Structure formats: C-alpha cells, structure tokens
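As the structure is a computational prediction, the values presented were derived from the model and not from experiment. Order of the sequence lines fixes the chain letters, A, B, ..., with proteins taken first and strands second; residue numbering starts at 1 for each chain.
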Amino acid sequence: MYITTTIPYVNARPHLGHALELVQGDVLARHHRRRGEPVRFQTGTDDNSLKNVLAAEAQGVPVRELVDRNAAAFEGLRRPLDLSFDSFIRTSSHPGHRAGVERIWAATRHDLYQRHYTGLYCVGCEQFYPADPCPDGHEAPLQRVSEENWFFRLSRYQDALLELIDGGRLRIEPAGRRNEVLAFVRAGLADISVSRSAVRARGWGIPVPGDPDQVVYVWWDALANYVTALQDGDYGRWWVSEGRKTHLMGKGVIRFHAVYWPAMLLSAGLPLPTEIFVHDYLTVDGRKISKSSGTAADPLALVEAYGVDAVRWWLLREVPRVGDADFTEERLAGRADEDLANGLGNLVNRVVTMVHRFLGGRVPEVPARPLAEVSEAVHEALEEFDFRRAAAAVWTIVEEANKYVEKAQPWRQSRAEQEVSLATLVHACRELAVQLEPFLPTAAARVAAAVRGDRLPPPEPLFRRLAAKVDGDRIGA
RNA sequence: GGGGCGGUAGCUCAGCCGGUUAGAGCAUCGGACUCAUAAUCCGUGGGUCGUGGGUUCAAGUCCCACCCGCCCUACCA
C-alpha cells in the first residue's frame with residue numbers, strides 16, 4: 001500500500017490541520033504494516049508555490065531561506081507526532097522531482113498547446129477567476145493577467161474520468177465527495193492553463209521544457225510528487241506494481257487530485273492512483289485556523305504542553321469522518337483525562353498493582369484468548385477511513401477489562417481464582433498494547449513495558465491528568 | 001443560480017436497504033466497590049429526531065417545499 005498526504009505549501013509553519021492528515025496517514029501506514037503488508041508512507045512539502053515567494057517577500061527574507069526553514073518545520077513534525085513516514089519529498093530539492101516533472105510534461109506534450117490568455121488571477125488561490133471578488137476572500141485584489149500560456153486538453157478526458165470514478169477503479173471516499181467530483185466532471189471540463197510566466201512567478205518554480213519564459217503551474221508540479229518521489233526501482237514497485245495507492249487530502253484540493261491528476265496520468269500513459277480519501281477541516285475555538293489561532297493550533301506547542309498521545313488521541317478519537325470538527329484545549333484535555341488517564345492508565349495501573357499485591361508480581365500462565373473481534377472491527381473501520389470508529393473499537397478492550405475487574409473482584413478471590421482473573425487481565429492489557437500501536441505508538445509502548453514478562457515492574461501511573469493545566473495554563477492566545 | 005452534505009438528549013455524535021416503547025459517550029443525579037491516578041462499575045433523569053406538507057398499515061429513516069450552517073460550482077439580465 002502506497003499512502004501519501006498532500007504536500008502543503010510552506011509559506012508558514014504547520015498547523016493542526018496538517019497534523020490531522022499526517023496522523024491519519026500514519027495510522028493507516030502502521031495498521032497495514034502490522035498486517036504484514038508492504039507499505040510506503042510518504043509526505044513532503046510543495047516548495048515551488050508562488051505563495052511561498054510572496055510570503056518571503058512580505059517577510060523580507062530570501063525565498064530559499066523561508067522555504068527551507070518552514071519545510072524543516074514540517075519534516076520536524078516526525079518525531080514529536082510519532083510519524084512513521086518512509087519518505088519526505090521537497091519539490092525544490094528532491095533529486096528526481098524536476099526531471100520527473102519534465103518527463104511527465106514530455107509524455108503529455110500531445111495534449112499541450114499554447115494559447116493567449118487573459119484573465120483575473122488570484123495569487124492567494126493560485127487560480128484564475130472570471131470575476132473580481134475572489135470567492136475565497138483573499139484580500140489581495142485579482143490581477144489582470146495577459147500572457148501566452150500552455151494549456152492542457154483536460155476536456156478530452158471527461159468520459160474516461162467518469163468511467164474511472166463511476167466504475168470504481170478510482171475510489172473516492174466519503175461517497176459525498178465522489179458525487180461532488182462526478183457532478184463537476186459531468187458539467188463539462190474546460191482545458192486548463194498549466195504554465196505561468198516566469199516573470200510573474202518571480203523566477204521561482206520549474207521552467208517549462210523548451211520554453212524558459214514559462215514555469216510549470218504549481219499544481220501540475222506538486223501533483224507530480226506522488227510519482228517523482230519514487231526513484232529508480234521504487235517507481236516500478238510502488239506506482240506500477242502496487243495494487244493500492246491511496247491519496248489523503250483535505251476537501252479543498254479534491255478537484256486537483258480527482259480530476260486534474262488522473263487526467264494528467266491518463267495523458268501520460270501512466271498508472272493511476274486507486275483511492276482518494278478526503279477529510280474535512282478543523283476549526284480552533286470555533287474559528288477557521290489562521291495566523292491568529294496562534295499556538296492553540298500549533299501541533300508542536302500542543303505536543304509540548306499535553307504530550308503526543310493526547311494530541312493524537314484527540315485527532316483520531318474526536319474528529320468525525322465527515323464534517324468539520326472544532327478543536328479546543330478543553331476538549332483535548334477532557335478526552336485525554338477520560339480515556340487515557342482514567343480509562344487506559346488506570347486499568348493498567350490497577351492490574352499491575354493487583355498482580356503485585358496478590359501474586360507477588362508474577363504473571364501466571366493461562367491460555368490467552370486472541371481478541372480477533374477487535375482487530376477485525378478496527379480493520380473494517382479503517383477500510384472506510386473511519387478513524388474515530390476504529391479508535392473506539394480499540395477502546396472496547398479497556399471498557400471490557402474494567403468491567404471484568406468489577407465482576408471478578410480479584411481482592412475477594414482465592415489464590416487460584418486470582419491467577420486466572422489476573423492472567424486474563426494482563427493478557428487483555430498486552431493485547432491492548434498491540435491494538436493501540438497504530439494509533440498511539442508511544443502509549444502502546446509504555447503499556448507493553450508495564451505488562452511484559454513473567455515478573456512485572458512495580459506499578460506507576462502511565463498518564464498524568466491534563467485538565468488542571470488547561471484551567472491555569474492555556475497555551476493558546 | 002445549480003448541485004451536494006449536515007441540522008437527532010445540555011455537549012460530541014450513532015442510527016444501513018422505512019417496522020417493536022429513538023441509542024452511545026461526556027456532563028447531571030443516585031447507588032455499589034476499594035485493586036487503582038477521588039479512579040472504576042451499576043442505575044436514573046433528559047429528545048416537538050430543523051419547520052410544514054405528502055406517500056405508507058407503519059417514517060428520524062422515502063418524496064416535495066421552506067429555514068439554518070457548511071462545501072463544490074456557475075455568477076443567465
């Protein structure tokens with residue numbers, strides 16, 4: 001399985017929305033690896049966007065410097081968020097990217113033509129609009145741009161795209177998004193401009209082969225990353241032979257991935273991705289994430305304040321498959337205290353304590369029942385990209401184990417009975433550690449360490465409470 | 001303007017092809033227990049299922065209109 005996230009442009013540091021997509025991809029990657037499937041999980045940054053240039057100008061720093069600094073911040077999310085991506089591509093520095101874009105350009109050359117174009121261009125959207133108010137509400141006024149651009153015959157691929165999506169060869173989830181794409185394609189596809197004048201791009205980006213006055217449209221450039229990042233044998237392995245190629249993305253960029261990108265590949269005669277999963281957006285304190293969200297939307301600051309487990313758990317356990325979700329530090333802490341401290345942490349702690357008190361720390365041998373139902377429920381949920389349902393399925397182990405303690409009441413049992421009940425509970429905790437790994441790798445490792453071996457280490461709390469921290473010490477503005 | 005998605009208990013949400021008294025978690029309240037991070041377990045209360053029509057023996061669950069939020073798309077004079 002080849003899993004990709006979108007590559008964000010790096011005009012600013014990463015925010016919580018980026019973390020959501022990365023964590024979702026990470027869960028999929030870890031889950032499928034654990035099932036023994038070969039997995040390549042890839043992310044990266046779109047360095048070539050004109051927005052990066054403008055941001056650098058606004059800050060008065062060289063583009064290269066801004067791009068390098070912010071790209072490093074994205075890549076730097078790996079450790080604090082426990083991400084397991086196998087490769088990180090930067091479109092401005094990956095050794096094969098530019099050559100790859102040029103190859104795709106050449107392969108689609110039969111569908112490219114030059115046309116004089118005059119239109120209103122929104123720099124914020126990197127897109128042309130027919131009338132002045134930019135629908136996204138970017139402040140900069142639309143620029144009247146008149147130039148000779150390269151166009152791609154997107155219109156030729158309408159039927160092929162419909163067949164591809166309607167026939168299910170390109171799966172788009174959730175279903176509502178698939179319908180949205182189908183409606184867009186059925187409405188008719190116009191050819192799209194796929195180059196910009198190099199002058200307008202401030203010389204930033206990849207020059208059009210044979211036409212140095214133009215640079216390749218940043219979307220064309222960025223989309224190509226999914227294949228250009230695959231060097232040498234990797235391309236054959238992960239793009240040609242691999243049966244499952246999954247793109248993760250936010251709802252704002254579905255058209256580029258579900259329409260432009262497959263059309264580019266069709267034109268170039270290259271294999272297509274097989275799945276697209278579209279997530280919705282996060283708001284913070286009821287507002288769109290923006291600069292003013294400050295550290296409350298900064299994944300790094302959140303991890304430092306609350307820990308990686310709490311942050312990942314909120315993203316996975318609380319964000320619905322469909323619909324925007326609102327993040328607050330209160331919700332993060334509430335979920336962490338309820339589930340991690342009171343639920344999981346307390347369970348492990350009470351089990352370990354009882355093993356010490358009643359059995360001298362020794363774990364008795366008992367036949368272990370595998371918890372296949374949980375594993376299956378997790379898998380089914382993840383096949384639908386329902387991370388919340390998958391996380392809930394893992395949690396049934398915590399709930400069942402806590403109920404089991406109340407029912408068995410080991411403190412009232414004979415030694416023989418205690419051996420059975422506590423062995424069962426230790427087994428449940430071990431299984432929990434296994435099932436939890438894709439979601440909370442750090443927490444899973446700590447649980448595993450607490451219940452490993454014949455002799456358990458002395459009990460100690462696995463998770464501290466966070467709610468008090470929120471009251472007195474909100475990190476947000 | 002066209003299309004799509006949401007609007008279900010205080011909060012976050014489940015409710016597939018229509019069918020017994022509409023569910024879960026959190027919060028509230030009551031009880032139990034003591035192994036545990038005042039944790040856990042059991043139980044209670046609480047809902048005009050956005051509004052109004054319609055189809056049906058039967059609708060949260062299908063159809064129509066409208067209201068609210070969001071998304072996509074186009075902006076006919």
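Contacts of A:L462 with the nucleic acid, taken as non-hydrogen atoms under 4.0 Å apart, include base atoms. Nucleic acid contact class of A:R178 (heavy atoms, under 4.0 Å, all strands): none.
For A:R446, the CZ atom counts as densely surrounded, since its 6.0 Å shell holds more than 12 non-hydrogen atoms of other residues, nucleotides or ligands.
Every residue was checked against the ring pair (Phe, Tyr, Trp, His ring centres under 6.0 Å) condition with A:H356, not counting sequence neighbours, and none meets it.
A ring pair (Phe, Tyr, Trp, His ring centres under 6.0 Å) with A:F152 holds for exactly one of A:Y113, A:W261, A:W219, A:W220; it is A:W220.
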Using a cutoff of under 3.5 Å, can you pull out all pairs of nitrogen or oxygen atoms linking the protein to nucleotides 10-16 of chain B, with atom names and distances?
| from | atom 1 | to | atom 2 | distance (Å) |
| --- | --- | --- | --- | --- |
| B:C13 | O3' | A:R388 | NH2 | 3.0 |
| B:C13 | O2' | A:R388 | NH2 | 3.4 |

Below 3.5 Å between N/O atoms, which protein atoms pair up with nucleotides 39-46 of chain B? Just atom names and distances, please.
| from | atom 1 | to | atom 2 | distance (Å) |
| --- | --- | --- | --- | --- |
| B:A39 | O5' | A:R465 | NH2 | 3.3 |
| B:A39 | O2' | A:N342 | O | 3.4 |
| B:A39 | O2' | A:N346 | OD1 | 3.2 |
| B:A39 | O2' | A:N346 | ND2 | 2.6 |
| B:U40 | O2' | A:R350 | NH1 | 3.1 |
| B:U40 | O2' | A:E406 | OE2 | 2.8 |
| B:U40 | O2 | A:E406 | OE2 | 3.2 |

Pairs: protein N or O with nucleotides 2-4 of chain B N or O, under 3.5 Å:
none

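Using a 4.5 Å heavy-atom cutoff, the side chains of A:F327 and A:L302 are in contact. Annotation: side chain of A:R430 is in contact with side chain of A:V363 (closest heavy-atom distance under 4.5 Å).
In this pair, A:H279 and A:F277 present their aromatic rings tilted. The plane angle is within the 30 to 60° band. The aromatic rings of A:W313 and A:F439 lie perpendicular to each other, with more than 60° between the two planes, well past the 30° mark.
Taking 4.0 Å as the cut-off between side-chain N and carboxylate O, A:D111 and A:R156 count as a salt-bridged pair.
Pairs passing the salt bridge (Lys or Arg N to Asp or Glu O under 4.0 Å) check and including a residue from residues 406-416 of chain A, sequence neighbours excluded, read A:R350-A:E406, A:R415-A:E419.
Considering only side-chain N and O atoms, A:R412 lies under 4.0 angstrom from the phosphate OP1 or OP2 of B:U34. Applying the 4.0 Å criterion to OP1 and OP2 of B:A36, one finds that A:R357 has a side-chain N or O inside that range.
Heavy-atom distances to RNA chain B give each of A:E460 and A:D339 a nearest nucleotide, and the one nearer the 5′ end belongs to A:D339.
Side chain of A:K251 to backbone of A:V278: no donor-acceptor contact under 3.5 angstrom is found.
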**Message:** For Watson-Crick and G-U wobble pairs within 3.5 Å on both distances, what is RNA chain B written in dot-bracket notation, | included for inter-strand pairing?
**Reply:** (((((((..((((.....[...))))..((((.......))))......(((((..]....))))))))))))....

